[in-house]
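Everything numeric here is computed off the predicted structure, so don't read it as measured data.
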Protein chains: 2
Amino acid sequence: MDEECCDMRGMLGFLILFLVSKKPMHGKEIADEITKRKGEKPSPGTLYPAIKNLREAGFLDEQKEGKAITYTLTPSGKKALTVAKRKFCKIFLGVFP
Amino acid sequence: MDEECCDMRGMLGFLILFLVSKKPMHGKEIADEITKRKGEKPSPGTLYPAIKNLREAGFLDEQKEGKAITYTLTPSGKKALTVAKRKFCKIFLGVFP
DNA sequence: TTATATATATCGGATGACCGATATAATTAG
DNA sequence: CTAATTATATCGGTCATCCGATATATATAA
């Protein structure tokens, strides 16, 4: 909450699933894409635990490539995203032009 | 985070501003509308402090009517919502069909 | 080889969303 | 009138998002 806008926190796991559904990504790429959309870079302390949670929930697969770890959606991750998208669109119906 | 979907928490203040921008509402009405959209009722402990924060930020005006308090957007609340909507649409670009 | 840059990961702390329970206030029902 | 219902509000606690700082691991540069 600041002077010109309300707090826009939340939905991080959902956003990560959505981004990774578009193409496989490693952590830094996810961070960069979120930076682009939010205008602000998420800190490592935010991003990596969130990725870890999604992995532990079985929604993300990881593939180590050198020092980077590339994430893709698991089948249940795809299902979760489908459900989440439906929920999201219902909650925020009318916001998008 | 549950088994079939990621955590969808967040954006509560934004959602309240958006709902109130459509028509003046009292607390219970806001709760009912959120119930409709989320399929789950927000608890009083969630809703009223969030409304209070928005009021204190100057985004909501209140008008007591019997025991109900009807909320409307202040001019700066309208501005805040405009900014927030732009941010929201950018962050979640591509999610809505 | 060592030094630097870059990607990943964790830590302790803060804040908002969230809960269920409880309390208060006003209106309606009996 | 009293009792029940309904709307608002707070409380103590949990959890995810969020931060900046720090640590670890890997690749690249010198």
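Going from atom CD of E65(B) over to atom C1' of dT8(D) covers 14 Å, rounded to whole Å. Whole-Å rounding puts the M25(B) CE to dA7(D) C1' distance at 15 Å. Following rounding to the nearest Å, R9(A) (CZ) and dC19(D) (P) show an atom-to-atom distance of 9 Å. Following rounding to the nearest Å, D7(A) (CG) and dC18(C) (C1') show an atom-to-atom distance of 14 Å. Atom CD in Q63(B) sits roughly 19 Å away from atom P in dA7(D) (whole-Å rounding). When rounded to the nearest whole Å, the span between CG of L47(B) and C1' of dC19(C) equals 13 Å. Atom CG of N53(B) is separated from atom C1' of dA14(C) by 15 Å (rounded to the nearest Å). Distance, K64(B) NZ to dT6(D) C1': 14 Å, rounded to whole Å.
Among Q63(A), E65(A), K64(A), H26(A), the one residue that satisfies the side chain to side chain donor-acceptor pair (under 3.5 Å) test with T70(A) is E65(A).
Dashed line: the shortest gap from a side-chain N or O of K38(B) to OP1 or OP2 of dC18(C) is under 4.0 Å.
Few gaps surround CD on E56(A); more than 12 heavy atoms of other groups in view lie less than 6.0 Å from it.
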Legend entry - salt bridge (charged side-chain N to carboxylate O under 4.0 Å, His left out) assessment of K23(B) paired with E29(B): CA-CA 10 Å; K23(B) 73 176 185 86; E29(B) 279 180 301; 3.1 Å; yes

Legend entry - Nucleotide-resolved protein contact map, nucleotides 7-12 of chain C, B/S/- at heavy-atom distance under 4.0 Å: SBBBB-

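For the pair T72(A) (side chain) and P24(A) (backbone), a donor-acceptor distance under 3.5 Å is absent.
Ring centroid separation for the pair F92(B) and F88(A) comes in under the 6.0 Å cut-off.
For E62(A) and R55(A), the salt-bridge test passes: some basic side-chain N is under 4.0 Å from an acidic carboxylate O.
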